[in-house]
Amino acid sequence: MKADLHCHSYFSDGKHSPEYLLRRAKELDITHIAITDHDFITPVNKSLAEDYHVQVIPGVEISCNWENQEIHVVGLGIDSQDKNLKILLELQREARKKRIFDIDKLLEKNGIKGLSTYFESLPCISKTRSHVADFLVSSRKSKSRAHAFSKYLGKKGRAFVSSEWISLSQTNEAIIAAGGISVLAHPSKYPLNKRRFNELLETFKQKGGDAIEVSYGGINAAIQKNLEEIAINKEFYVSAGSDFHDAKAHWTDLGKFPAITSKAKKQAIWHHPRWPS
Ligand code: AMP
Ligand code: MN
Ligand code: MN
Ligand code: MN
């Protein structure tokens, strides 16, 4: 089994279609893929997946709030028709729309027009600041995505708008009620000290969290080792995925992340009782 359980399509801030991801998975001998778009359950054509001999695990990546810190939780094996989860994700996308609208207003105050027209040309259903960064680069207002975040979109930027996400516990509840497995995404990417990070893990577990990602694109060996040890000691299942967005970012690819070590593999997420068989 070769699984990539975290990646994005152009329905959120990825650059490629779900079909591209399936085709790339087949090329790379990936047997299981979860397309985990931001706050949207991307529909995947079943017969297409069969044609590519790839098993698709229904997935989503939800942005949520834990004590004023944004946290990302991946839901895997969810029922994509679950009413409650669908409503909650719609609310998240509405909050995203409003945030982008407010960012647009701030950009206009800074003399930058055209964001809403830019969005009309995109297939995305879930709007993100990543799209805005691309707009700023393509309209030559920023020299890079990083520059777009530091000058405009980040906390100290001229067009910063804070986000209003649902809570971590609401997120876990909704994923689990939809039959899914709740996974803490890229745990090393939050700006938390050791004590706060431990508190996050504790709360996540308390609120029904099942698993943590221990490997992802760009992770280093020491961090992976640490996360695997945490998973073993705190009895979390382990998950992993590339967080792939864009083939033009040539240092990333579907399936590109260090393998889970054999010790941690004993707790691989596919052993979870709710893993779709
Ligand atoms: P949002 O969910 O609207 O806040 O957008 C977040 C997305 O923007 C993330 O999923 C990343 O893909 C991207 N992103 C966030 N911060 C940065 C950054 N500093 N530089 C480049 N991309 C970023
Ligand atoms: Mn993203
Ligand atoms: Mn994320
Ligand atoms: Mn992601």
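Order of listing sets the numbers, starting from 1, for every ligand and every atom in it. Numbers here simply count residues along the sequence, with the first being 1.
Nearest to the Mn ion (ligand 2), among the N, O or S atoms that Asp13 has, is OD2. Nearest N/O/S atom of Glu61 relative to the Mn ion (ligand 4): this is OE1. Looking at Asp243 and the Mn ion (ligand 4) together, the shortest N, O or S contact belongs to OD1.
A distance of 8.5 Å separates CD1 of Ile181 from OH of Tyr237, quoted to the nearest 0.5 Å.
Put simply, the residue from Arg145, Lys127, Lys141 that forms a salt bridge (charged side-chain N to carboxylate O under 4.0 Å, His left out) with Asp134 is Arg145.
Our summary of the site lists the angle at the Mn ion (ligand 4) between NE2 of His8 and NE2 of His6 as 100°, to the nearest 10 degrees. With the Mn ion (ligand 2) at the apex, His38 NE2 and His245 NE2 define an angle of roughly 120° (rounded to 10 degrees).
Within the 3.5 Å criterion, the main-chain N or O of His38 finds a donor-acceptor partner in the side chain of Ser126.
The Mn ion (ligand 4) has no N, O or S atom of His72 closer than 2.8 Å.
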His186 and Glu213: side-chain hydrogen bond (donor to acceptor under 3.5 Å, both in side chains), yes or no, with the steps?
CA-CA 6 Å; His186 42 66; Glu213 287 183 348; 5.6 Å; no
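Between His131 and Phe119, a ring centre-to-centre spacing shorter than 6.0 Å is recorded.
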